[in-house]
Amino acid sequence: MPSILFSPIRLGGVELENRIVVAPMCQYSAADGCAMDWHLAHLGMLANSGAGLVIVEATHVERHGRITHGCMGLYSDESEAALKRIIDFCRRAGRAKLGIQLAHAGRKASVQRPWEGGGPLKPGQDPWPTIGPSALPFGPGWPTPREMVADDFACVRSAFATAAQRAVRIGFDAIELHMAHGYLAHSFMSPISNQRTDQYGGSAENRIRFPREIAEAVRQVVPHTIALGARITGSDWLDGGLTAADAVFCAKTLKAAGLDYVDISSGGISPEARTPTTLGYNVDIAEQVRAIGIATRAVGLIVTAQQAEAIVSEGKADMVALARAILDDPHWAWHAARTLGTDIKRPKQYLRSAPSLWPGAAMVG
Ligand SMILES: Cc1cc2nc3c(=O)[nH]c(=O)nc-3n(C[C@H](O)[C@H](O)[C@H](O)COP(=O)(O)O)c2cc1C
């Protein structure tokens with residue numbers, strides 16, 4: 001039977017060659033939001049990984065929305081030009097479609113790079129004030145965010161729309177809103193972090209209001225030739241937090257706002273949340289979300305070709321995203337194709353690496 005994993009899929013106006021997606025992965029290697037040579041090497045390699053779509057790491061819509069001093073941004077002409085250089089290079093180097101994750105870190109901003117400790121920035125490390133739905137810190141020892149007021153809502157909405165316009169100019173095929181992992185949009189949706197009593201807090205409709213406004217503002221400036229999606233929370237993995245039913249509600253709301261797909265991730269709202277460590281831990285939630293009729297991607301410990309093939313062929317998700325497994329083996333998709341009895345288009349410079357050419361093939365030159 002032909003592989004479903006290696007069959008094409010259409011997201012809005014964009015067709016992907018296959019259903020393997022490189023998940024967004026922060027590299028903490030930017031300078032004031034600007035992509036550097038590391039991103040040329042990293043994203044250039046992934047553009048050639050055989051995945052149908054590569055999503056550029058969380059790229060923040062304002063300077064204070066970055067997680068760390070090394071995070072990417074799309075809030076200045078300089079950061080736009082720096083990212084355009086990388087994306088133009090990826091187009092020349094590889095065949096993957098290219099997406100970008102637009103993000104605002106909210107109360108989880110102003111932290112050290114993971115290899116510097118990953119905790120909140122200390123005095124002397126140039127920390128900055130954070131914002132959130134309520135004045136509730138992420139955890140003990142974390143700074144208390146300022147509760148957002150009307151001007152903040154307007155600024156963040158417009159920052160998302162402006163960054164999306166920059167992403168359109170750069171030439172991305174897909175734009176993905178980061179609405180998971182405890183960052184700003186997720187922190188509005190979760191009752192753990194949102195204790196507001198105005199129209200942005202309380203009921204599920206109120207808690208999703210601001211994320212929905214962001215989605216609508218971005219959809220207005222992103223043409224339908226570009227796929228627009230969101231990474232959302234399948235579960236907070238905490239009593240009193242978001243559940244699969246909330247993910248279904250969120251996907252319905254975002255679909256109505258004009259989004260083309262959702263990616264189901266989970267966790268990150270509190271240091272106490274314990275994300276499962278079982279294979280494909282978000283897949284069952286993705287299946288429930290997919291039932292509403294929106295293209296759905298699952299992520300989280302998807303590691304083997306057979307597992308990925310089963311997820312899409314059994315209709316649990318339309319696509320899979322991989323992060324760590326692809327960092328470990330950037331040609332994961334090439335090897336998955338071989339396992340599943342198919343092949344993948346390789347760059348012409350690497351054609352002689354195709355296993356079908358190995359036996360007896362002369363290695364000349
Ligand atoms: C180095 C690294 C950086 C990450 N950065 C991001 C990010 O920028 N945005 C995001 O939504 N998730 C990020 N994640 C989470 C991954 O996209 C993914 O959801 C998670 O690692 C689970 O998938 P996996 O089991 O295939 O690694 C990151 C993960 C890693 C390992």
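Just so you know, ligand 1 is whichever comes first in the structure, and atom 1 is the first atom listed for that ligand. For this chain, numbers begin at 1 and follow the sequence in order.
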Item to complete: Nearest heavy atom to atom 3 (C) of ligand 1 wins, so pick from C26, A298, C71, A323.
Response: C26
Item to complete: Give yes if a backbone or side-chain nitrogen or oxygen of R324 is under 3.5 Å from a nitrogen or oxygen of ligand 1, and no if not.
Response: yes
Item to complete: Mark up the atoms of ligand 1 that fall under 4.0 Å of a heavy atom belonging to L322, in ascending order.
Response: 26 (O)
Worksheet item: Does G300 reach ligand 1, in the sense of a heavy atom lying below 4.0 Å from it?
Response: yes
Discussion item. Heavy-atom count check: over 12 atoms from other residues, nucleotides or ligands less than 6.0 Å from Q125 CD?
Written reply: yes
Worksheet item: Below 4.0 angstrom, N of the basic side chain to O of the carboxylate: do R63 and D32 qualify?
Response: yes
Fill in: Presence of salt bridge, E216 and R219, under 4.0 angstrom
no
Response to the item:
Taking only non-hydrogen atoms of A23 and a 4.0 Å limit, the atoms of ligand 1 in range are 17 (O)
Worksheet item: Are any of the N or O atoms of V299 closer than 3.5 Å to those of ligand 1?
Response: no
Response to the item:
Within the 4.0 Å heavy-atom cut-off, what Q27 brings close to ligand 1 is neither
Worksheet, complete the sentence: If you compare G267, A325, A180, P24 by their heavy atoms, the one closest to atom 17 (O) of ligand 1 turns out to be P24
Worksheet item: Hey, are the side chains of P8 and E17 touching, using non-hydrogen atoms and a 4.5 Å cut-off?
Response: no
Practice prompt. Output yes when R338 and D343 qualify as a salt bridge under the 4.0 Å nitrogen-oxygen rule, no when they do not.
Written response: no
Practice prompt. Examine A58 against ligand 1 and note whether any of their N/O atoms are separated by less than 3.5 Å.
Written response: yes
Worksheet item: Any ion pair linking R10 and D260 (charged N to carboxylate O, less than 4.0 Å)?
Response: no
Worksheet item: Would you call S353 and W334 a side-chain contact if the rule is heavy atoms closer than 4.5 Å?
Response: yes
Worksheet entry | Closest to atom 10 (C) of ligand 1 among R231, H60, E57 (heavy-atom distance) | R231
Item to complete: Distance to 0.1 Å, residue and atom name: give those for the protein heavy atom nearest to atom 2 (C) of ligand 1.
Response: M25 CG, 3.8 Å
Worksheet item: Can an N or O of Q101 be found at a distance shorter than 3.5 Å from an N or O of ligand 1?
Response: yes
Discussion item. Tell me every residue that passes salt bridge (charged side-chain N to carboxylate O under 4.0 Å, His left out) with R169, counting only those two or more places apart in sequence or in another chain.
Written reply: E80
